[in-house]
Engineer: 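First the structure, then my questions, so here it is.
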Amino acid sequence: MLINKRLILAHFWLAFAGFGLALLLGEWQMFIRSPLHAWIGNPELYYRSVTAHGSAMAYVFPTLVAMGFGYAITEAALKRPMIGPRWAWLGFALVAIGTVVAMVPVALGHASVLYTFYPPMIGSPFYYIGVVIVVIGSWIWVALMSVNLYAWKRDNPGQPVPLAMFSNVAGSYLWAWTAVGAAIELIFLILPAALGFTTTIDAGLSRVFFSWTLHAIVYFWLFPTYIAYYTIVPRAIGGRLYSDAMGRLAFILFLIVSMPIGVHHLFMDPEVGSGFKFMHSVFTAFVALPTLLTVFTICASVEIAARLRGGKGALGWITALPWRNPIMLATAFSFIMLGFGGAGGLINMSYQLDSTIHNTQWITGHFHLIFGGAIVIMYFAIAYDLWPHLTGRALASFGLMRLQLATWFVGMMVLTFPWHWVGILGMPRRMAFYDYTDPALAAQAASVIASVIGGAILVISGALFIIVLIRGQLAPRVDAGPYRFSVAVHEPRRVPAALNGFPLWLALMIGLTVVNYGFPIANLAALSNTAVPIVPVGTGR
Amino acid sequence: MTGDPPPSSPHDPGAEHALRIERRWASVAVLIVIFLIVMAAVAGVHQATMPQLKLELVDPRTLHVSGEFIESNLGTAVEPDGSVTVRAIGQQYSFVPQCIVVPTDTVVHFRATSGDVVHGFLIDGTNLNTMLIPGFISTATARFSTPIESHMPCHEYCGVGHEGMWGKVKVIDKAAFEKLAADRRRLTCVD
Ligand code: HEM
Ligand SMILES: [Cu+2]
Ligand SMILES: [Cu+2]
């Protein structure tokens, strides 16, 4: 039962429109810095584009998907109208306005600082203000998720919160607390400098605050995907979820351990001591746990579906899966990319291995594979699954959907494998130009051309995606029936309070962050004279 | 897109069995995680490649006028204990010195910082990789066994000229290095 359909559709359309534009920028960047294109002449255009592409893909797109999906879950899982749709529209408006406020200075070249905005480089204040407005809009969503959960719990005492809603609210809390690091950096360090109140900034401290956000934001991107694994996939392929409790546990683990590990992004930095680097790398190992649990639970759920369809044998059941079902296909592709990406992640998380690939193109290849690949392909699946319920129209282009998912998978493979490889060869990231005539770089030329081809396949796939959705809006009306989530093999009748609410886990989340970040932050903040002169960026400043 | 199969009771033997398998897998997952942590700890104890221990500050505004990063002190210095120390700074959009020369089979201490924004410091083909953050001194220690000539790109975006910020490192034979060092206080291979 979805009531606020227009609200949810607005979120998805804005998300996918931004995604489509940013995708074109991505391919343009790959082309510009490949051997297929000569020196760009004005490298500033390249960094402008990377700032726009990175900010759109990392901040705007996943935030809107999480928000829209979150509202859909609230109504479909709690089976009642959402509380606060007006507030939700306000949140949406803030995200839209913030995006425009941030992107105008970027487009004008006044804020080519890249989405990580490492100070002491300082761009136009409007860029940072825009990002803050986007975050504030998303915090309205966080509050609404909470309000709706607790209102439902009050009316349904002792009932298990549906897994979809439980994980959705966990994701919203994760985001609320994750964003605090960057928000502190923006509001207390960067904006005073950007607005001209100070002329110096503590570059090291800024990086520590940003790292608090930078790792866990990855899990915020990943939440809709994992929610789809647990609560959409088993139903969509005619199976059952192997374990409801395991799902809750996985989401709780993400909530607790994804923040106190961000210093692994500062492994190579001089402003954090080795002790806390070690602490954070230990916690980073723990964050593999919820993923390992998820892989098991979802594979088991898929196997259940196969056996219900008459699948036999130790592995023979795989052939009995509904491979023509787009959701099945997306899940399989997503898991393969998650496997490769996860293996790469294990390399990044160890200090010793990281030292060979830190800030090389390996890193950009890695996060395109896992974020653009494993995570985003499930955003497509979510859209396909929800679309008929949102538009009230049939989504019947199954062949096109399969083609779209397959091209996304192939494109990602062709884009990211060579991208990892040139990173191992030592190609540094974020450069507008590489001199491939240099003998040391000549070996990288062919790989970068392969990536350009992969990117082109992705652009085609992105266009197919938009076409499928538009066709869905124009199709004949149908009644898609109520939107349902997966049912577990053993549906919980009662759930221990700890697995049905958040107070304990929020306390742990905040406590662990304070322990693991408190000292490095206090230590740096206490040092006097670490502030350095700001360096303005951008034309016309 | 498809219907659900019939539910089963939470008390049937299947539920027990499912729980057992799940626990077993969870234990395997925990063991994997413990293995990773032990590996990190062992590597740390053996000092294989470890992050710098101390936090050292430096004021980028006075780099050029006083302290160890004044221009005449940059480059490679031979220490009394036979090791060498390389001091370098990164600034928009070059390194000083642009070409670093070090000997083979010698302990090399790198000390570097930034004169303006955040830069990266990577010697291609090695695992020498660090960030240069204004206000802080980055340190690293290495030993090269064979003569090489490598690029040393800045790998963090530092402004519109970032793509042009490539330094060079030459590792030369120890004897040749000693000959060069005989009549110069600080060595570079900038020509
Ligand atoms: C056609 C597909 C794509 C291509 C060819 C592409 C290409 C690129 C390139 C060339 C960069 C700059 C890297 C550098 O200069 O070192 C970049 C950055 C980035 N991309 Fe993509 N991209 C694509 C799709 C995506 C997708 C789907 C996402 C996520 C949803 C994404 C997220 C990002 C982010 C967050 C950055 C920022 C990196 C930074 O600032 O270093 N990209 N992309
Ligand atoms: Cu991380
Ligand atoms: Cu640079």
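In the text below, chain A, chain B and the rest are named by the order of the sequence lines, each starting its count at 1. Scope of the values below: all heavy atoms of this structure, side chains included, with no hydrogens, waters or symmetry mates. In this text, all values refer to a predicted model and were calculated from it rather than measured experimentally.
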Engineer: Name the region of Phe267(A), side chain, backbone, both or neither, that has any atom closer than 4.5 Å to a heavy atom of chain B.
Structural biologist: backbone
Engineer: With only heavy atoms counted, which part of Arg33(A) is less than 4.5 Å from chain B, the side chain, the backbone, both or neither?
Structural biologist: neither
Engineer: Heavy-atom distance under 4.5 Å to chain B: side chain of Leu441(A), backbone, both or neither?
Structural biologist: side chain
Engineer: Tell me, side chain or backbone of Asn129(B) under 4.5 Å from chain A's heavy atoms, or both, or neither?
Structural biologist: both
Engineer: Provide the closest heavy-atom pair for Cys154(B) versus Cys158(B) in the form atom of the first, atom of the second, distance.
Structural biologist: SG-SG, 3.9 Å
Engineer: Non-hydrogen atoms of chain B under 4.5 Å away: do they reach the side chain of Tyr434(A), the backbone, both or neither?
Structural biologist: side chain
Engineer: With sequence neighbours excluded, what pairs up with Phe110(B) under the ring pair (Phe, Tyr, Trp, His ring centres under 6.0 Å) test?
Structural biologist: Phe121(B)
Engineer: With a 4.5 angstrom heavy-atom cut-off, which part of Ile34(B) approaches chain A: side chain, backbone, both or neither?
Structural biologist: neither
Engineer: With no hydrogens and no angle check, is any side-chain donor or acceptor of Thr356(A) less than 3.5 Å from a backbone partner on Asn127(B)?
Structural biologist: no
Engineer: Select one option (side chain, backbone, both, neither) describing which atoms of Pro134(B) are under 4.5 Å from chain A's heavy atoms.
Structural biologist: both
Engineer: Any sub-3.5 Å donor-acceptor pair from Thr104(B)'s side-chain atoms to Ser145(B)'s backbone N or O?
Structural biologist: no
Engineer: At a heavy-atom distance under 4.5 Å, which candidate from Ser281(A), Ser112(A), Ala440(A), Ala305(A) has the highest pair count against chain B?
Structural biologist: Ser112(A)
Engineer: Measuring heavy-atom distances to chain B, does Pro492(A) have an atom under 4.5 Å in its side chain, in its backbone, in both, or in neither?
Structural biologist: neither
Engineer: Let me know if Thr200(A) has heavy atoms under 4.5 Å from chain B in its side chain, its backbone, both or neither.
Structural biologist: side chain
Engineer: Relative to chain B, which segment of Val287(A) carries a heavy atom at a distance below 4.5 Å: side chain, backbone, both, or neither?
Structural biologist: neither
Engineer: Contact part of Asp438(A) toward chain B, heavy-atom cut-off under 4.5 Å: side chain, backbone, both or neither?
Structural biologist: side chain
Engineer: Is Leu122(B) in contact with chain A via its backbone, its side chain, both, or neither, using a 4.5 Å heavy-atom distance?
Structural biologist: side chain
Engineer: Between Glu79(B) (side chain only) and Val84(B) (backbone N and O only), is there a donor and an acceptor less than 3.5 Å apart?
Structural biologist: no
Engineer: Determine the option with the most heavy-atom pairs under 4.5 angstrom with chain B, choosing from Asp269(A), Ile424(A), Asp435(A), Leu353(A).
Structural biologist: Asp269(A)
Engineer: Between Arg111(B) and Glu56(B), does at least one N-O distance fall below 4.0 Å, as a salt bridge requires?
Structural biologist: yes
Engineer: Is there side-chain contact between Leu57(B) and Leu527(A), with heavy atoms separated by less than 4.5 Å?
Structural biologist: yes
Engineer: Grab the two heavy atoms, one from Leu74(B) and one from Thr188(B), that are nearest each other, plus how far apart they are.
Structural biologist: O-CG2, 4.5 Å
Engineer: What part of Leu346(A) gets closer than 4.5 Å to chain B, counting heavy atoms only: side chain, backbone, both or neither?
Structural biologist: side chain
Engineer: Whether Lys168(B) and Asp124(B) form a salt bridge (side-chain N of Lys/Arg under 4.0 Å from carboxylate O of Asp/Glu) is what I want to check.
Structural biologist: no
Engineer: Out of Gly120(B), Gly135(B), Gly159(B), return the one with the most heavy atom pairs under 4.5 angstrom to chain A.
Structural biologist: Gly159(B)
Engineer: Output yes when a side-chain donor or acceptor of Asn325(A) lies under 3.5 Å from a complementary backbone atom of Ala236(A), and no otherwise.
Structural biologist: yes
Engineer: Between the main-chain N or O of Leu292(A) and the side-chain N or O of Trp25(B), is there a donor-acceptor pair closer than 3.5 Å?
Structural biologist: yes
Engineer: Which one of Val30(B), Val28(B), Ile37(B) has the most heavy-atom pairs closer than 4.5 Å to chain A?
Structural biologist: Ile37(B)
Engineer: Check for a donor-acceptor pair, side chain of Lys277(A) on one end and backbone N or O of Val272(A) on the other, with a separation under 3.5 Å.
Structural biologist: yes
Engineer: Of the backbone (N, CA, C, O) and the side chain (C-beta and beyond), which part of Ala480(A) lies under 4.5 Å from a heavy atom of chain B, both, or neither?
Structural biologist: neither
Engineer: Looking at Ala488(A), is its backbone amide N or carbonyl O close enough to the side chain of Glu491(A) to form a donor-acceptor pair, meaning the two atoms are under 3.5 Å apart?
Structural biologist: yes
Engineer: Go through Lys54(B), Glu156(B), Glu149(B) and name the one with the most non-hydrogen pairs under 4.5 angstrom from chain A.
Structural biologist: Glu156(B)
Engineer: Please work out whether the ring planes of His389(A) and Tyr483(A) are parallel, tilted or perpendicular, with thresholds of 30° and 60°.
Structural biologist: perpendicular
Engineer: Is Val58(B) in contact with chain A via its backbone, its side chain, both, or neither, using a 4.5 Å heavy-atom distance?
Structural biologist: neither
Engineer: Using heavy-atom distances under 4.5 Å, tell me whether Leu524(A) contacts chain B through its side chain, its backbone, both, or neither.
Structural biologist: side chain
Engineer: Which atoms of Asn523(A) are under 4.5 Å from chain B, going by heavy atoms: the side chain, the backbone, both sets, or neither?
Structural biologist: side chain
Engineer: Check whether His162(B) gets within reach of chain A through its side chain, its backbone, both or neither, counting any heavy atom under 4.5 Å.
Structural biologist: both
Engineer: Heavy-atom pairs under 4.5 Å with chain A are the metric here; pick the option from Val118(B), Leu132(B), Leu128(B) that has the most.
Structural biologist: Val118(B)
Engineer: Which residue out of Thr126(B), Val117(B), Thr113(B) racks up the most heavy-atom pairs below 4.5 Å with chain A?
Structural biologist: Val117(B)
Engineer: Please state whether the rings of Tyr47(A) and Tyr157(B) are parallel, tilted or perpendicular, taking 30° and 60° as the class boundaries.
Structural biologist: tilted
Engineer: Examine whether an atom of Thr360(A) lies under 4.5 Å from a heavy atom of chain B, and if so say whether it belongs to the side chain, the backbone or both; otherwise answer neither.
Structural biologist: side chain
